[in-house]
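For reference, the structure discussed in these notes is given below.
Computation of the quantities below employed the complete heavy-atom set of this structure, encompassing side-chain atoms and omitting hydrogens, waters and symmetry-equivalent molecules. Note that ligands are numbered from 1 as they come in the structure, with each ligand's atoms numbered from 1 the same way. Along the sequence shown, residues carry numbers from 1.
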Amino acid sequence: MTIGVPNHIVRGFIRNRHEAQIFQAAQTIDPTVKEVKYEVMGSLSDQDHPNKIDLKQFNGQESPKMRKVPNKQEVIVDGVRSKMFNPRYTLDNFIPGQENQLAMAACKAVAAKPGNIYNPLFLYGNVGLGKTHLLQGVGLEVLKNYPKKKVIYMTSERFMNEIIAAIGKKSTSSFKEKYRNIDCLIVDDVQFFGNKSSTQQEFFHTFNELYDADKQIILSSDRPPSELDLLEDRLVSRFGMGMVVEVLLPDFETRMAILNSKCLECQVMVDREVLEFIAYNVRHSVRELEGILVKAVGQAQLMQTTPTIKSVADALRQLNRDSDLQGIALDSEKRMVARNSDDVIDLVAQYFKMTRSDLTGENRKKEVMIPRQICMYLIRQALDHSYETIGESFGGRNHTTVLHACNKIIAQMKNDNRIMRDVNALKREIGV
Ligand code: ADP
Ligand code: MG
């Protein structure tokens, strides 16, 4: 049996104090258990980790086996069920960058004067960009500013289930009454109301009731109201009445800032080059950005090292099975040491998320040309190969092409920070 623990301290603590009891307990439940191992998994520190178990829940009389672990904690506010706010999802913890200044400003304005300015506030954007974080952040901030206000956060699914239950009990008439006393209603992912006509009908009434009483409504969706095709028009037009803001993907600098703040939060040190590698390669979602960092840190902690570009690349590869990242050679310290030009080409390809043949091929697009030139320059620097030999590694290119590439990179590093950072990160990883 293997038990995951968040860090070495916890592992030491359990080993010293509880190892025998845990082994006994495990054998009572399953006599075939021969040994209990403790594995450090940094990712268990993550609030939402599916395998995480809160020990506080086991303080009662019931045996752990009998007790069902609720995975989403709820509270009841004035007869209405609300999901508990995640204390990490505050507006202060949200790094808006350039892209999400507007979303942030709207959230702050709503939190300062709920029901007053933007009603409803409607945030939309792709998955993993921080909508839930912002929604909960506003909720928490409203509570901070107005501790007496009743703030409800729920997913659209939860709302739907409540309605289905109410219909089952033939008690829908009381539905909007139930929400009447709520001051701020937050419903996440309303796109899931699509095609659910009785849900939409109830929501419409609840919405109007609250709206007419100047209560704040905050909604999120994966697309703007105008594209919510499966929703009734009257609901869509309500959604668009207040402030509609898109939540956008943060740019490279903001992604770096998010990673840095995550490292601070988790109290881990990660090389800047490694963070840059993550920020550079993960460009679709902040959730994925965090996920990769947590995974790489967790794995590194297991090996009692810090994450390297190689370990991050591994984590990325596990995430996108079809990814074109490629394997690279490692030395005993889990750090790449380039022994030949193939190693360097692999590493550069991996860094820029392209294939070897992209790098060595004929494509003259800028996105490929610059990495190719960087690669030539690095081989020259790391291995001191002749321009001729390097040319051969790149499909028999002429030595003057290689010379030109090297000079160009040297010149560009002086005025292009991006290139300088890439080259430095790669040099470090190669061991130049
Ligand atoms: P969505 O609801 O849009 O799918 P989430 O709100 O669940 O996305 O965000 C995914 C993860 O990314 C969360 O852990 C959240 O804290 C984090 N996150 C997203 N954007 C930011 C940001 N700008 N600053 C800090 N953390 C962020
Ligand atoms: Mg969400």
Side-chain angles (χ1 to χ4, degrees), residues 42-50 52 71-73 82-108 110-111 121-141 152-160 185-194 218-225 227-228 244-266 268 270 275 278-279 281-298 315 319:
S43 57
L44 283 172
S45 313
D46 199 349
Q47 279 287 339
D48 299 318
H49 196 287
K52 183 186 170 116
N71 50 10
K72 302 284 177 219
Q73 287 152 334
S82 170
K83 200 163 130 186
M84 244 159 63
F85 288 109
N86 181 338
R88 269 183 49 228
Y89 289 170
T90 62
L91 292 185
D92 289 339
N93 279 348
F94 190 86
I95 297 169
Q98 285 280 337
E99 313 70 30
N100 291 318
Q101 293 284 355
L102 182 62
M104 183 66 148
C107 287
K108 289 216 158 129
V110 162
L121 172 63
F122 190 103
L123 300 181
Y124 72 93
N126 281 336
V127 67
L129 297 187
K131 299 182 297 296
T132 297
H133 185 140
L134 282 170
L135 253 53
Q136 293 211 2
V138 187
L140 279 169
E141 190 99 352
I152 295 288
Y153 168 90
M154 63 200 324
T155 59
S156 60
E157 220 178 352
R158 173 85 247 168
F159 190 87
M160 219 143 61
L185 176 66
I186 307 173
V187 185
D188 208 349
D189 288 321
V190 295
Q191 72 273 12
F192 294 126
F193 283 159
I218 309 172
L219 307 166
S220 84
S221 150
D222 66 349
R223 66 203 81 175
E227 288 169 29
L228 286 165
V244 177
V245 197
E246 180 168 10
V247 178
L248 294 159
L249 179 78
D251 68 5
F252 177 81
E253 306 297 333
T254 313
R255 296 203 293 277
M256 279 300 286
I258 293 172
L259 286 171
N260 276 316
S261 94
K262 188 84 189 163
C263 286
L264 259 179
E265 192 185 303
C266 303
V268 292
V270 180
L275 294 182
I278 299 176
N281 279 295
V282 181
R283 306 173 216 198
H284 301 292
S285 112
V286 179
R287 181 174 302 143
E288 194 175 312
L289 193 75
E290 287 187 351
I292 291 293
L293 178 69
V294 166
K295 196 160 191 175
V297 168
L319 195 84

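Side-chain contact check for V282 versus R255: every heavy-atom pair is 4.5 Å or farther apart. Side-chain contact between K108 and L91 is present, with at least one heavy-atom pair separated by less than 4.5 Å. Taking 4.5 Å as the limit, every side-chain heavy atom of V247 sits out of range of all side-chain heavy atoms of S220. L249 has its side chain out of reach of N126: every pair of non-hydrogen atoms, C-beta onward, lies at least 4.5 Å apart. Side-chain contact check for D188 versus R158: every heavy-atom pair is 4.5 Å or farther apart. Within the 4.5 Å cutoff, the side chain of L275 has heavy atoms near those of the M256 side chain.
The shortest separation from a heavy atom of Q136 to ligand 1 is not under 4.0 Å, leaving the residue out of contact.
Nearest protein neighbour of atom 13 (C) of ligand 1, counting heavy atoms only, is Y89 OH, 3.6 Å. Nearest protein heavy-atom neighbour of atom 21 (C) of ligand 1: F94 CE1, 3.5 Å. Atom 4 (O) of ligand 1 has G128 N, 2.6 Å as its closest protein atom, hydrogens excluded (heavy atom only). In this structure, the protein non-hydrogen atom closest to atom 16 (O) of ligand 1 is H133 ND1, 2.6 Å.
In the displayed structure, Q101 atom CD is contacted under 6.0 Å by more than 12 heavy atoms of other residues, nucleotides or ligands. Surrounding CD of E227 are more than 12 heavy atoms belonging to other residues, nucleotides or ligands, all under 6.0 Å away.
Distances between N or O atoms of I95 and those of ligand 1 include at least one value under 3.5 Å. Between G130 and ligand 1, a contact under 3.5 Å exists for at least one N or O pair.
Counting heavy atoms closer than 4.0 Å to ligand 1, residue R88 contributes side-chain atoms (C-beta onward) but none from N, CA, C or O. Contacts between N93 and ligand 1 below 4.0 angstrom, taking non-hydrogen atoms only, involve the backbone exclusively.
Note on ring orientation: taking the six-membered ring where Trp is involved, the planes of Y153 and F85 are tilted (angle from 30° to 60°).
Between atom 10 (C) of ligand 1 and the options E290, M104, R287, the minimum heavy-atom separation is to R287.
Every atom of ligand 1 is numbered from 1 in the order shown, and the set under 4.0 Å from a heavy atom of V127 is 4 (O). Taking every non-hydrogen atom of V286 and a distance limit under 4.0 Å, the qualifying atoms of ligand 1 come out as 12 (O), 17 (C), 18 (N), 19 (C), 20 (N), 21 (C), 27 (C).
Inclusion of S220 in the first shell of the Mg ion (ligand 2) is not supported: no N, O or S atom falls under 2.8 Å.
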